[in-house]
Engineer: 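Could you have a look at this structure, given as structure tokens, before my questions?
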There are 2 protein chains.
Amino acid sequence: MSALDTALHGLRTLIADGELKPGDRLPSEGELCETLGVSRGSLREGIRMLAALGVLETRHGSGSYVSELRAADLIGSLSLTVGLLPMAGVLELTELRRVLEPHAAALAAARIDAATIEELSGVLDEIEASDDFELHSRLDHAFHMTISEVAGNDALTSLIDVLRSRSRAYRIPDAGDAAELKLHSDAGHRAILRGLAAADPVAASAAASAHVAQTEYWVRRYTDTDMRAEGSSVPSTSP
Amino acid sequence: MSALDTALHGLRTLIADGELKPGDRLPSEGELCETLGVSRGSLREGIRMLAALGVLETRHGSGSYVSELRAADLIGSLSLTVGLLPMAGVLELTELRRVLEPHAAALAAARIDAATIEELSGVLDEIEASDDFELHSRLDHAFHMTISEVAGNDALTSLIDVLRSRSRAYRIPDAGDAAELKLHSDAGHRAILRGLAAADPVAASAAASAHVAQTEYWVRRYTDTDMRAEGSSVPSTSP
DNA sequence: TGAAACATAGTTGTCATACGAATTTGACGA
DNA sequence: TCGTCAAATTCGTATGACAACTATGTTTCA
């Protein structure tokens, strides 16, 4: 077993066995090196791997800590990588959205309150009045994330966030297409909101499903076309 | 910007910009150090982070390579960490299963062929005849994974695999409870298979939904009880 | 007494060097 | 043509050193 595996397994075992609980501070790197019998470099590589997966957090000068180990955070660690997926992979993810977003909408319809409906309506007003792609994209994201949050499952919200972050990064190059997309998108948003306002899970779910299906249509349409990513940096889970 | 961030961002940019494509070999560590202006230690920590997330693969003596960047693989990287989630998180994940598994069952019902139905029926025969927990668990997993694979979305399969891997790791301590669980579980499996054999997506979906709901019931029932994980090692995605 | 400034010890961040382990490559010879 | 072996290349690991940052306790001043 390699030194890195030893370090990784040792750290993981400490947490799995409950010797280290969420929020706990790990022993110093020096101590861990002696305990696990590996060099500091190998130990640090192991720590970094668990940090990348959202299990550990390191603070310079202070120490490494076990994260809260929330499902949403672990899922959120994917946000670093989905931005690297080729288009073929994006289609697979869109199909997941096609299941998850309607589910979230249905749950939200059963839980949403009047104040949140007002807030969402205001967001849609802004979206419809906006011509700026950047602003539109941000508000669109806020709209869907709010619905997801109302649904009440943080892991679901985080997963939807990760999946959406990819489709969001593309801009429709053709102006006419973009206008058409926005027209349908605005109508789709209103349909979802109507379902939520009516506390009708089926209507909200159906509207959300249609909305994602529309996105999927555009993704497919431009899959074999020259599209440019909006940038290499993928928005993180926590805004 | 710290040296690690420099390395991480540099590597990520190389892939995001298309200078490195899936399957490509990275420049040697020495070259990358010079290119990015960081020490070898920092560079390796960055490489390890991306490796943990399923973006890079390193082969001793040969080099580091960009992975195939399949959505399923990136999702599969979560399997290392879901095993560390506390019970509260498992419930969140079970709710996700409650959406995803019925979806997979519905898709499978529309695509499955006679040979696969036969195969699944054989698996259920084995399950029903088995008293061994370990064997039962493995066959149960094979049953559900086969359905998911028939559904035809690798990302969906991988996600279901990750989510299931956690619930799978627990053993019902009370013998009576375990027998009751198995009874209902067997019936649930048959119901799913009937839906698949009838090429009836609605029936298959409903049966899968009920099946997960049953799992959720047992998870909740034992959430505040003394349960022991079957082991610290979580089964990986690729057997 | 209280609080601000400081000094100190402890911890992570980074770098440089060296050598072992595995793979790859090319030359050599049958 | 093929197998064998040696050299070169590359990753794996260990060690030492110092910088950067944090936390803590102490001193000093108002």
Side-chain angles (χ1 to χ4, degrees), chain A residues 1-15 19-69 73 77 80 236, chain B residues 1-15 19-69 73 77 80 236:
Chain A
M1 186 186 256
S2 70
L4 174 57
D5 287 339
T6 303
L8 207 51
H9 184 267
L11 291 170
R12 198 179 176 291
T13 301
L14 283 175
I15 301 171
E19 297 182 40
L20 290 173
K21 297 177 182 176
D24 283 356
R25 182 177 162 283
L26 270 64
S28 71
E29 294 181 350
E31 283 183 61
L32 282 172
C33 290
E34 205 168 338
T35 303
L36 301 175
V38 299
S39 73
R40 197 173 157 219
S42 299
L43 173 70
R44 282 177 63 84
E45 289 183 13
I47 291 176
R48 280 280 128 73
M49 291 183 75
L50 291 178
L53 293 167
V55 174
L56 297 179
E57 293 166 9
T58 296
R59 301 176 211 163
H60 188 179
S62 175
S64 289
Y65 299 79
V66 180
S67 78
E68 288 305 318
L69 293 179
D73 294 337
S77 70
L80 269 173
S236 73
Chain B
M1 188 185 251
S2 69
L4 174 57
D5 288 339
T6 303
L8 206 52
H9 184 267
L11 290 170
R12 198 181 176 290
T13 301
L14 283 176
I15 301 172
E19 297 183 41
L20 290 173
K21 297 176 182 177
D24 282 356
R25 182 178 164 282
L26 270 64
S28 72
E29 294 182 350
E31 282 184 62
L32 282 172
C33 289
E34 205 169 337
T35 303
L36 302 175
V38 299
S39 73
R40 198 173 156 219
S42 299
L43 173 71
R44 283 177 60 84
E45 289 184 12
I47 290 176
R48 281 278 127 77
M49 291 184 73
L50 291 177
L53 293 167
V55 175
L56 298 179
E57 294 166 9
T58 296
R59 303 177 210 161
H60 188 177
S62 175
S64 289
Y65 299 79
V66 180
S67 78
E68 287 306 317
L69 294 177
D73 294 337
S77 71
L80 268 173
S236 74

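Computed from heavy atoms alone, side chains included, the values below leave out hydrogens, waters and symmetry copies. Throughout, a chain's letter reflects where its sequence line sits, starting with A, and its residues are numbered from 1.
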Engineer: Can you name the side chain to side chain contact (heavy atoms under 4.5 Å, CB included) partners of A:Leu14, sequence neighbours left out?
Structural biologist: A:Glu19, A:Leu20, A:Leu32
Engineer: To the nearest Å, give me how far apart CZ (A:Arg48) and C1' (C:dG13) are.
Structural biologist: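 About 8 Å, once rounded to whole Å.
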Engineer: Answer yes or no: is there a side-chain heavy-atom contact under 4.5 Å between B:Arg44 and B:Arg48?
Structural biologist: yes
Engineer: Is there a side-chain contact between B:Leu43 and B:Ile47, using heavy atoms and a 4.5 Å cut-off?
Structural biologist: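 They are in contact (side-chain heavy atoms under 4.5 Å apart), so the answer is yes.
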Engineer: Rounded off to whole Å, could you give me the CZ-to-P distance for the A:Arg44 and C:dT12 pair?
Structural biologist: 8 Å
Engineer: Let me spell it out: for each of B:Ser28 and A:Val38, pick the nucleotide of DNA chain D with the closest heavy atom. Which residue's pick is nearer the 5' end?
Structural biologist: B:Ser28
Engineer: Mind listing the residues from residues 55-62 of chain A sitting with a heavy atom below 4.0 Å of DNA chain D? Number order is fine.
Structural biologist: A:His60, A:Gly61, A:Ser62
Engineer: Rounded to whole Å, how long is the line connecting atom CZ of B:Arg40 with atom P of C:dA16?
Structural biologist: 13 Å
Engineer: First and last nucleotide of DNA chain D touching chain B, 5' to 3', heavy-atom cut-off 4.0 Å?
Structural biologist: D:dT10 to D:dT13
Engineer: What integer distance in Å separates A:Tyr65:OH from C:dT12:C1'?
Structural biologist: 11 Å
Engineer: Looking only at heavy atoms, what is the nearest atom pair of B:Leu53 and A:Ala52, with distance?
Structural biologist: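 Minimum heavy-atom separation between B:Leu53 and A:Ala52: CD2-O, 3.6 Å.
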Engineer: Could you state the atom-to-atom distance from CZ of A:Arg25 to P of C:dG10 in whole Å?
Structural biologist: 12 Å
Engineer: Just so I know, are the side chains of B:Val55 and B:Leu11 near enough to count as touching, which here means a heavy-atom distance under 4.5 Å?
Structural biologist: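 SC-SC contact between B:Val55 and B:Leu11 ruled out.
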Engineer: Do the side chain of A:Arg59 and the main chain of A:Tyr65 share a donor and acceptor less than 3.5 angstrom apart?
Structural biologist: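 Answer holds: no.
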Engineer: Could you check if a side-chain atom of B:Met49 sits within less than 4.5 angstrom of a side-chain atom of B:Leu4, using non-hydrogen atoms only?
Structural biologist: yes
